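To keep things clear, I will list the structure first and then write my remarks on it.
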Amino acid sequence: MIYLKTDDEIELLREANLLVGKTLAELAKIIKPGVTTRQLDVLAETFIRDNGAEPTFKGFPNPYGEPFPASICTSVNEQVVHGIPNDIPLKDGDIVSIDCGTKLNGFCGDSCYTFAVGEISEEAQNLLRVTKEALYKGIEQAVVGKRIGDISYAVQNHCESHGYGVVREFVGHGVGHEMHEDPQVPNYGRRGNGVMLKNGLCIAIEPMITMGAKEIYMLPDKWGIITRDRSLAAHFEHTICVRKGQADILSSFDEIEKNIQK
Ligand code: MG
Ligand code: MG
């Protein structure tokens, strides 16, 4: 069932999503070689709760019914998504995707940013740039009268034109009272196919892109997802509202990018 949101609901969704951006911006201040993803998780959980919200990821069940043990997903290098924070220090040249979810006043925020740790290779920089570009190319299609397949195609076409892999098993989704609502928003597809986009449809668009092949494995912890060929993966996500002419981006990277450690 697809629920279109009212303008009041969209403002509440915006608050929850802007809090995700602020949380990631707090993390951006301390991301550098030597910091552990567990330190990032502790900071994120504290910041989210201090702002009167809940970290939606904490306790969220996997398909085996096991609860996610942390407040953010931290996916390093060949990890695509759902990495569990740990005590391994990040190294110079790593990339780390940090996916964060909040629930504030009954509505969910969901956004992800892939950070460079120290100096990263030119190849890694290109992967991050193209994945973020693909997100915005998808968002350009998220307007009244287009279809989900228009978003999917735009993301896929941009990434594949650079020779990258587009992960199939995980997709974007509707966002509202629940973190994952209908419809699904794949990062691959055909123009003119799928659900018609209507005014007030709120969705997360989230390309998960690999430098090599698109195939993935699940780690034995039943959470972390890695590329089969161990190539690097990037993940950028915004929650947006479909509008006439131009989508309204409810999450924000602005503060994150101000705080990124040079
Ligand atoms: Mg997310
Ligand atoms: Mg999401």
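For reference, positions follow the sequence shown, starting with 1. One-based numbering, in listed order, for ligands and for the atoms of each. Everything numeric in this text was worked out from a predicted model, so none of it was measured.
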Atom pair SG/CZ of Cys73 and Phe68 - distance to nearest 0.5 Å = 3.5 Å

Quick check: does Asp99 have an N/O/S atom under 2.8 Å of the Mg ion (ligand 2)?
-> no

Which atom, counting only N, O or S, brings Glu206 closest to the Mg ion (ligand 2)?
-> OE2

Cation-aromatic face contact Arg190/Tyr153, 6.0 Å, 45 degrees | no

OE2 (Glu237) to the Mg ion (ligand 2) to OD2 (Asp110): angle, nearest 10 degrees?
-> 80°

State whether Asp150 and Arg191 are salt-bridged, where the test is any N-O pair (Lys NZ or Arg NE/NH1/NH2 against Asp/Glu carboxylate O) under 4.0 Å.
-> no

Cys100, Ser251, Pro207, Ser97 screened by side chain to side chain contact (heavy atoms under 4.5 Å, CB included) with Cys112, the one that passes | Ser97

Contact flag His180/the Mg ion (ligand 2), N/O/S atoms, threshold under 2.8 Å = no

